[in-house]
> 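Mind looking over this structure? Questions follow.
Quick caveat: nothing in here was measured; it's all calculated off a predicted structure.
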Amino acid sequence: MPATVSFDVPSPHGPRTVTVSYARVGAGEPLLLLHGIGHHRQAWDPVVDILATERDVIAVDLPGFGASPALPKGLAYDLATVVPALGSLCEALGIERPHVAGNSLGGLLALELGREKLVRSVTALAPAGFWTPVERRYAFTVLTAMRQAARNTPLPVVERLSRTAAGRTVLTSTIYARPGRRSPEAVVAETLALARAEGFAETLRAGTSVQFTEDVPGLPVTVAWGTRDRLLLHRQGVRAKRIIPEARLVRLPGCGHVPMNDDPALVARVILDGSR
């Protein structure tokens, strides 16, 4: 069942209280799951039950996304703020150096947590930050268009589209290679999550200067990329491997940008293998 936790983080104007919504299930070593920009923790639903057979799984709504409130005034949606906040989240939950898996923005955050030695292993699924300037502008243009469409499409239209595979393709084919597999309820919920994400604009703005250029030494790192990723092209995985030479680079055949729904069994296996 979803829950919330609150904790203080420093700011230039003194401590600020951040509240995060999360769901926790399973038993074993802790595994933190981080979603992408405009998404919510339910992006991980297709793989959570598999992961929970071997891990204590904590799927979080990042601040300003899903059911988590926006960051308090005075806190920026940048890596320098969000990464330590995730470290404070782990402390508040009594988790010491969990494994972490992240997708897109969540993958970038997972790698940054690894660089800060706040986690014991990293699995990054199509992580942000390995783009060229042209690829970044393309991705941000697509994301902005998706956000506008989500905000401008009336809910009854979204609900009607979600009832057919063709409609789900219209709504979600940018991020899923197999959008017909997504349930109508999930498509409606994630469209609303994108439309209502309070942290979207500031997170996107902060991302314009992001480039991941440093190694993540001293812990296991897996980078996995879908071969049908239409948002962050899978050639970016090769760049990630050059920057993190000891990383395990995994190809996800037939998967899109959010691969958990396209091939749950494969993605779960990649995460479990990467968090031994």
Side-chain angles (χ1 to χ4, degrees), residues 1-5 20-68 86 89 93 98-107 109-110 123-127 146 150 158-159 161-163 165 167-169 171-197 224 226 228-229 231 252 254-275:
M1 292 293 294
T4 60
V5 62
V20 168
S21 176
Y22 69 97
R24 190 169 186 174
V25 64
E29 294 184 350
L31 170 64
L32 189 68
L33 300 180
L34 307 175
H35 62 76
I37 186 171
H39 225 149
H40 54 177
R41 59 177 172 76
Q42 289 89 340
W44 296 98
D45 282 356
V47 299
V48 162
D49 287 345
I50 306 173
L51 298 173
T53 63
E54 300 185 37
R55 299 286 182 273
D56 171 14
V57 180
I58 306 100
V60 306
D61 282 322
L62 294 171
F65 297 95
S68 291
L86 291 172
L89 165 69
L93 293 176
H99 302 285
V100 62
N103 173 224
S104 196
L105 167 65
L109 292 170
T123 302
L125 309 176
M146 290 173 61
V158 173
E159 291 174 334
L161 287 170
S162 73
R163 295 186 194 117
R168 293 194 291 278
T169 297
L171 292 168
T172 66
S173 62
T174 303
I175 60 172
Y176 299 123
R178 301 180 176 106
R181 293 186 178 182
R182 199 76 171 136
S183 74
E185 298 77 14
V187 168
V188 172
E190 64 194 353
T191 302
L192 290 174
L194 176 57
R196 297 170 178 172
R228 294 174 61 189
D229 193 329
L231 189 65
L252 303 175
C255 289
H257 182 63
V258 181
M260 299 83 80
N261 189 74
D262 289 328
D263 196 335
L266 173 61
V267 170
R269 179 47 51 198
V270 168
I271 294 171
L272 289 172
D273 287 348
S275 59

> Which residues pass the side chain to side chain donor-acceptor pair (under 3.5 Å) test with Thr172, sequence neighbours left out?
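In terms of side chain to side chain donor-acceptor pair (under 3.5 Å), with neighbours along the sequence ignored, Thr172 is linked to no residue.
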> Identify, with sequence neighbours excluded, every residue that meets side chain to side chain donor-acceptor pair (under 3.5 Å) alongside Asp61.
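Expected list: none.
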> I want to check something: taking the side chain as every heavy atom from C-beta on, are Leu86 and Val100 in contact at a cut-off of under 4.5 Å?
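No; the side chains remain at least 4.5 Å from each other.
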> Could you list the residues that satisfy side chain to side chain contact (heavy atoms under 4.5 Å, CB included) with Pro184, not counting sequence neighbours?
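Scan of Pro184 (side chain to side chain contact (heavy atoms under 4.5 Å, CB included), adjacent residues dropped) gives Ser162, Arg168.
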> His257: which residues meet the side chain to side chain donor-acceptor pair (under 3.5 Å) condition with it, sequence neighbours left out?
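Expected list: Ser104, Asp229.
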> Any side-chain heavy atom of Arg181 within less than 4.5 Å of one from Pro46?
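No, too far: nothing below the 4.5 Å cut-off.
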> Tell me, do Asp263 and Leu252 make a side-chain contact under 4.5 Å, heavy atoms counted?
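When only atoms from C-beta onward are counted, Leu252 and Asp263 do not touch, as no gap falls below 4.5 Å.
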> Tell me, do Trp44 and Val57 make a side-chain contact under 4.5 Å, heavy atoms counted?
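Of all side-chain heavy-atom pairs linking Val57 with Trp44, none is under 4.5 Å.
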> Determine whether Leu32 and Leu93 make a side-chain contact, defined as any pair of heavy atoms from C-beta on separated by less than 4.5 Å.
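Counting from C-beta outward, Leu32 and Leu93 never come under 4.5 Å.
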> CG of Leu51 to OG of Ser275: how many Å apart, nearest 0.5 Å?
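Separation between the atoms: 7.5 Å.
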> With sequence neighbours excluded, what pairs up with His40 under the side chain to side chain donor-acceptor pair (under 3.5 Å) test?
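Side chain to side chain donor-acceptor pair (under 3.5 Å) list for His40, sorted by chain: Gln42.
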> For Thr53, check side chain to side chain contact (heavy atoms under 4.5 Å, CB included) against everything at least two apart and list the hits.
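Once residues adjacent in sequence are excluded, Thr53 has no partner under the side chain to side chain contact (heavy atoms under 4.5 Å, CB included) criterion.
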> Taking the side chain as everything from C-beta on, heavy atoms only, tell me whether Pro259 gets closer than 4.5 Å to Asn103.
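Answer yes - side chains close enough.
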> Quick one: salt bridge (charged side-chain N to carboxylate O under 4.0 Å, His left out) partners of Arg182, sequence neighbours excluded?
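For Arg182, the residues satisfying salt bridge (charged side-chain N to carboxylate O under 4.0 Å, His left out) (neighbours in sequence not counted) are Glu190.
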> Where do Leu105 and Ile37 come nearest, in terms of heavy atoms and distance?
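Closest pair (atom of Leu105, atom of Ile37, distance): CB-N, 3.7 Å.
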> Under the salt bridge (charged side-chain N to carboxylate O under 4.0 Å, His left out) rule, collect the residues that match up with Asp56, sequence neighbours excluded.
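Here the qualifying residues are Arg24.
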> Say you draw a straight line from CG of Leu33 to CD1 of Ile271; how long is it, rounded to the nearest 0.5 Å?
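Rounded to the nearest 0.5 Å, the CG-CD1 separation comes to 6.0 Å.
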> Run the side chain to side chain contact (heavy atoms under 4.5 Å, CB included) test against Asp273 and tell me which residues pass, sequence neighbours left out.
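Counting only residues at least two positions away or on another chain, Asp273 forms a side chain to side chain contact (heavy atoms under 4.5 Å, CB included) with Arg248, Arg269, Arg276.
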> Return the set of residues passing side chain to side chain contact (heavy atoms under 4.5 Å, CB included) with Glu185 (not counting sequence neighbours), or none when no residue passes.
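By the side chain to side chain contact (heavy atoms under 4.5 Å, CB included) rule, Glu185 matches Ser183.
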> For the pair Ser68 (side chain) and Ser21 (backbone), establish whether a donor and an acceptor sit closer than 3.5 Å, ignoring hydrogens and angles.
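Yes, because the side chain of Ser68 sits within donor-acceptor range (under 3.5 Å) of the backbone of Ser21.
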